[in-house]
Structure formats: structure tokens, C-alpha cells
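Data block below; observations after.
Naming: A, B, ... by sequence-line order, numbering from 1 per chain.
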Amino acid sequence: MKNTLFRAVCCALSGLLLSGSLLASLEKPENQSEPISNSTADHSKFEELQKEFGKGPEVTKACLGCHTEASKQLHQTKHWNWKFTNPETGQTLGKSTIVNNFCLSVSTNLPRCTSCHIGYGWKDDTFDFTSEVNVDCLVCHDTTGTYKKYPAGAGHPAYVDKPFPPKGGKKIFKAVDLQAVAQSVGKTSRETCGACHFYGGGGDGVKHGDMDSSMTNPDKQLDVHMGTDGLDFVCADCHTTDGHETQGSRYNITAKDTHRIDIIGRDDKSRASCESCHGMTPHEETINDKLNDHTDRVACQTCHIPKFARGGKPSKTWWDWSTAGRKTADGKHIMEKDENGYVTYVTKKGNFEWGENLVPEYAWLSGNIRYRELEEKVDPESITALNTFDGSYADKDSRIWPFKVMRGKQPYDKVNNTLAIAHLFGKDKDAYWKSYSWDKALAAAMKNVGANFSGEYGFLETTMHWPLAHMIAPKEEALQCSDCHAKDGRLASLTDFYLPGRDSNKWVDTIGWLAVVGTIGGVFTHGFGRLVANRRRKRQ
Amino acid sequence: MSSVKFYTRFERFWHWTQAFLIISMLITGFEIHGTFALFGYEQAVDLHIIFAWSLIVLWIFAIFWHLTTGEWRQYCASCSSDILAMVKYYSFDIFLGGGHPHHKTRAEKLNPLQRMAYLALHLFIAPLLWISGWLYLFYSYWDVVGISGLSLGSVAMVHTAAAFLILTFLVAHLYLALTMSEKMADLKAMLTGYQEIDTDN
């Protein structure tokens, strides 16, 4: 008897303990402030790193002493080459070739743009892409937060205290302590990835709209996965890497991941889609169960990113290059701001518009995104799309996706009817930010890439679609049915299908209501007639 | 005049439950259609689905009842001259004080026009609603069962058109049911089961 009681108590206690430890393992430890490394290597104890480093490549050389294959792996990646060959279209894409409506193109602006390259010294076309020591390990693996590439340093950090802009700039880039940084390397973080990806397009939040510096330490309200008060995901939790190749590229986006939930050993290693963890029926079953039904045609992001640029940082929505170059009467640069303090005009770049808490635009997407190449013809009378993609209601592989649509005006060749790119940054006289001459800046950039340029230019309006996948709101804030199933709902512009609550057949509605109202009128007339006839009969 | 048991307990239960469900489905259905906002879109959809399944269950019982009791014969079409006599009555005689051409009895509860109307309701409008409604409800499974060449738009159009027919039917039904008998005797009959009928002839 005693024995049984003892066993029962033991069982109950172990059950409690087990459930307690299960609960504990589900919850993140409360102390988030000090990340504890559980690495088996303490880099501060490595003799190779116990020395003064003059420049970045010297650190890389030390890294390669142990991590012998690291640079070779990175040489294969988009992060290194800024090139991507679309397997479906054969187009050569990537940062180094495509035209956008921010700073137009990378070529001839290299040292500025390549301050976000994972290498050292890509300042012109002579850059050696086979050099292993030119790979910058620290920009991704720094854990100190002190390693920052100098904005015009072609990928190098500041080795001595340096202001930016170089002449008279107020922002000082402090000389980096390479030894300290090298000794404390670790895994990538929101901060290291964000150092480039949050600042695309030339500043915080400019380009993407769903990625800006507010995502460095977001709360779960801003991003339910990355929130430091919640699951505390870092970028690489979803953008998994294998041999330094990072999953989840915009250039070949997976619009619908119908592959089952990915499990190690069974499936692919990519977590860069919602479905790779949540599957295609992630919602609790309901009476209508339409949420689970909708996953075949509506991307998760569409409902779960109700708004973007939600973290307190605005995103650029309009960039008009045609107004650039305006100066005051005495030749000084102009800067204008709106009531929110957002810059709306600068002499170097033209007019801007910004937005916070923006409602995405929606389009069908099957994943095959094409980017306009420089030699493609444009129609200056209409708005030119810099990227287009497949997808429609009829295409079962496509889903409705949310986008940030970047709009603006940018230069084009009036005679050849092609887009024109500009040489913006540089110390030479052709650079637009020196001469403020579009003639020179366009001619120089077009010559550099071997494109025809007539010399006559104008400005045309362009759009660029940026699919949204971050700033996932808590489920309570996801869109409701009526956000789309309504007359002027969010999908008002997608008209190639019947959307209940929005659409109706005009004939059915008109004839239907005529029949109903006609019958009501008929019975009232009939009833009134009977009343009159009855009274008349009674009087007789 | 005498009082005759016309409507059994089940018949009355069927009638009033169906009345509630049809009116509720008209309201929620037209909300889903975007005509107005009352419950909110998702609530309206959920209610519409619940009411639809309730009505299906009710109909299974009703069909069983009609078949086993033989009451289905009440809906057998009358000859055209009898229907025309009814049309003539509602168009002229009713104003002139002429007599009703149909005499209600337990065996013939419905006049020829009612027989035609209910037959149309059961054999045309209801199937139209059920078939289009099921297709609408199971839209996501069309691929699974191999339905192709059909669009949600056309299914919705048929469903909406049938809903308008029901609404039109309801207006006429309410008028006839509430105004054709003295002191709402027809309504009372549908509530109590007992109908006042003329037994003189």
C-alpha cells in the first residue's frame, strides 16, 4: 500500500517536473540582455588573433588560417558576386546589373554602393573577385557592434577616425579596433544583417519598407517572430545558410511553398518561407475554415502584414530625380522637410515622399520576377515597371502578395527610348554630385556599361514592386475578412476574379430588386384595390 | 363553419423553423453579398453556414414526412383551367365580391395556384439554391472532385438570383397568408394546427 502511494506521488511529481521543464523550454529565458555564447571556441584565446591588425584583409587572412574554405564558399554567393542568374529566364540579375528607382544603378558608383559589399576594395572594375583575403568576415560575424563599414570606403571600415561626408561631415566614423572585433566574432545577428539590409537605398528604411533599424531590437508587436520580448528570432533562423549560401532570395521568390513542413533529415534546409514551419493549414479550424482554405491563393504575408513601415521609421515611397540640382541663388544646396521632419527635397537627389504605417498594394505573384534590363525599350508616355512578374487568378501557382511599390521619376534616353543610368558618386567631373550635369553623369555611366546613349535625356515615371515578408504582426492584428470582402476593400484593384462581398452581377441585382420591389408594390396595390372594392360593396 | 385539424405538430414545426431559417439566410446571405453590414462579414458567413446545414437536416425530416404520410400529393399540379380560375379570382372576382373557386379541405389544403407555387418552390427554386449553395460552400474542393469549367462568379450569380426568387416568394406569401382569411385565420391555423373551414357544402 505504502509502495503504491509512493509510486503515485513519484509519478505525480515527475509529471509536474516534466511539464514544468517543458513549459520552461517553450519560454525564452527572461534575461535577454547578455547573449551567452555557447560556442566551443573562444576566439579571444586564439593566438592568431592576438595581434594588431592594420586592415581588414589581414583579419580575413587570420580567419582563413583555420576556416580554410570560408572564402571559397562565399565566392559562390550573391552576397559576394552581386549577381544572380534567374534559372527560369536566364537573366543575369543581382545588384551589380539591375536598374532601380533609388540610386538607379551600382556601376560607376562603386565605392559608395560597395560600402555594403561583403568584401574589401571593390572600388572599380579591377576588383579581384577571386581574392580570398578580400572577403570581409567581420561585417557579418561582429558581435561588438563597433565594426562599421565607412560609407564611401568600398567595403573598408574606418581605420582612423573619419568624418562622413569626408569633408566637413558631422558624423564621425571611429577607427575600428580590429583586434577586439576579431576576438569576439560569433553568429550573425539582426544587427549585422541589418547593417546593410535595413539601410538599402541609401538610408534607414528607404528601400524595403518591411525592414529598417526598428527591426534590430523589435518587440513582438512589430514582428511576432523577431520580437525580443517573444521568440527573439534572428534573420538566420528563417534565412538558413548552408556553406554560407543564404536562403530566401527576392530574385527567385517562392510564392507558394506547398512542400510539407520541413524537418531536418527529411526535407530541404530552407526556412525562408512561412509554410516551411507553419505548413499550408496553420489556422485553427473554424465553421467557415476559410483561413485554411485561403492559403492556396492568398500568401500568408497578405493578411499577416496589415501594414508596413510600422516600427517608427518611414520608408521612401516616391523619388523624383527630375527636380534634382536646384540650388539657392547663391549656389547653396537646398534641403526641405515636411511636418514630420522627413526630408522632401535635397539638391543631390530631388524630391522624396515618405510614409509610415503604410497599407501594402496587392498583386498576384507566382514567383517569376523579371527585372527590366537597360537595353529594353520604354514607352515614355506610360509608367514603366522596373520589375514585372507572373501571376493571375487563372494561374493556380500564384497567390495574392503584398508589395511596397516604389514610385519615382528617373532619367531615360529620349532618342533610344531606354532607361538611362547615372554616374552619381565620385571625385571626377562627370559625377552628378560634383558637376550637377545630367549630360555628363548619364553619358559617363552609360559608356561605362557599354550601353548606347544618344545624349538626349528626359525623365519618366517608374514603379518597382518589393514583395513584403517581414514585420509580421501578432495574429490579433491580421486582416479581417471584411478588409477584402467589401466594396472598396484592399483587393479593389484585383479584378480578374469574383470576390464575394465585393462583386455582384449588375443584371441579377437590378432584375432581382425590381422583382422584389415590384412584388411589394403589386401586393400593396392589390390590397388597396380590395379595400376600396370592399368599402364600395358595403355602401351599396 | 367548423374547426378541423389541418396541420400536424411536425408540419407546424417544419413551417416555422423553415421560416426562421429562410429569413435568417436571406439576411446573412445579402450581407455576404455586400448589400448591407449587420453581423460583420465573417459572422454572417458562419451563421449562413450553420443555418444552411440546419435547413438541410430539417429538409431530410420533411421529405421523409411527406413521403411516409403521402402529403406530397398536396403539391400535385392541378389542371390548367383550375389554375386559370384562381388567376381570374385574384384578378377580378376578389374585387367584385365573387366567391373563392377553391374550397379548402383536409385532403386538398392548397388551392391550385398554391400547388403550382409550392411545386415551383420545391422543384425549381430550392434545388437551384441547394446546388449553387453547395458549390459555393465547397468551392475549395472543386479541384478535388474534378469540377472544371465553372466559375465562382457564375455560381454566385445563380445563388443570388435564386435568393431574389425566394425573397419575392416570401413577399407574396406573406401578403396572401396574412390578408386572405378573416381575422388571420390562416396564420392561426399554422400556429394551432386548426383551420376554420366552410363545411356547408
### Task
Please work out which of the three classes, parallel, tilted or perpendicular, describes the rings of His304(A) and His283(A), given edges at 30° and 60°.
parallel
### Task
In plain terms, say whether Asp390(A) and Arg370(A) are close enough for a salt bridge, that is, a side-chain N and a carboxylate O under 4.0 Å apart.
yes
### Task
Give a yes-or-no answer on whether the side chains of His66(B) and Tyr75(B) include a donor-acceptor pair shorter than 3.5 Å.
yes
### Task
Can you label the angle between the Tyr118(B) ring and the His122(B) ring as parallel, tilted or perpendicular, going by 30° and 60°?
parallel
### Task
Heavy atoms only, distances under 4.5 angstrom: which of Arg502(A), His294(A), Lys487(A), Arg537(A) has the most pairs with chain B? Name it, please.
Arg537(A)
### Task
May I ask you to list the residues in residues 156-175 of chain B that approach chain A closer than 4.5 angstrom, counting heavy atoms only, ordered by number?
Ala156(B), Met157(B), Thr160(B), Ala161(B), Phe164(B), Leu167(B), Thr168(B), Val171(B), Ala172(B), Tyr175(B)
### Query
Does the gap between the ring centers of Phe51(B) and Phe20(B) come in under 6.0 Å?
yes
#### Entry: Contact origin within Ala515(A) toward chain B - heavy atom pairs under 4.5 Å
both
### Query
Side chain, backbone, both or neither: which part of Ser151(B) has an atom under 4.5 Å from a heavy atom of chain A?
neither
### Message
I need the residue from His485(A), Arg536(A), Arg530(A) with the largest number of non-hydrogen atom pairs under 4.5 Å to chain B.
### Response
Arg530(A)
### Message
Heavy-atom pairs under 4.5 Å with chain B - which of Leu531(A), Leu499(A), Asn505(A) has more of them than the others?
### Response
Asn505(A)
### Query
Hey, do the aromatic rings of Trp142(B) and Tyr139(B) have their centres closer than 6.0 Å?
yes
#### Entry: Region of Ile49(B) in contact with chain A, defined by heavy-atom distances below 4.5 Å
side chain
### Message
What part of Trp507(A) gets within 4.5 angstrom of chain B, counting heavy atoms only: side chain, backbone, both, or neither?
### Response
neither
#### Entry: Distance-only side-chain donor-acceptor flag, Arg399(A) / Ser366(A), under 3.5 Å
no
### Query
In terms of the angle between their ring planes, are Trp65(B) and Trp14(B) parallel, tilted or perpendicular, with boundaries placed at 30° and 60°?
tilted
### Message
Once you measure the plane-to-plane angle for Phe497(A) and Tyr393(A), does it fall in the parallel (<30°), tilted (30-60°) or perpendicular (>60°) bin?
### Response
parallel
### Query
Does a side chain donor of either Asp186(B) or Gln195(B) reach within less than 3.5 Å of an acceptor in the other side chain?
yes
## Note on the structure
Of the listed Thr286(A), Val516(A), Asn534(A), Asp296(A), the one with the largest count of heavy-atom pairs under 4.5 Å with chain B is Val516(A)
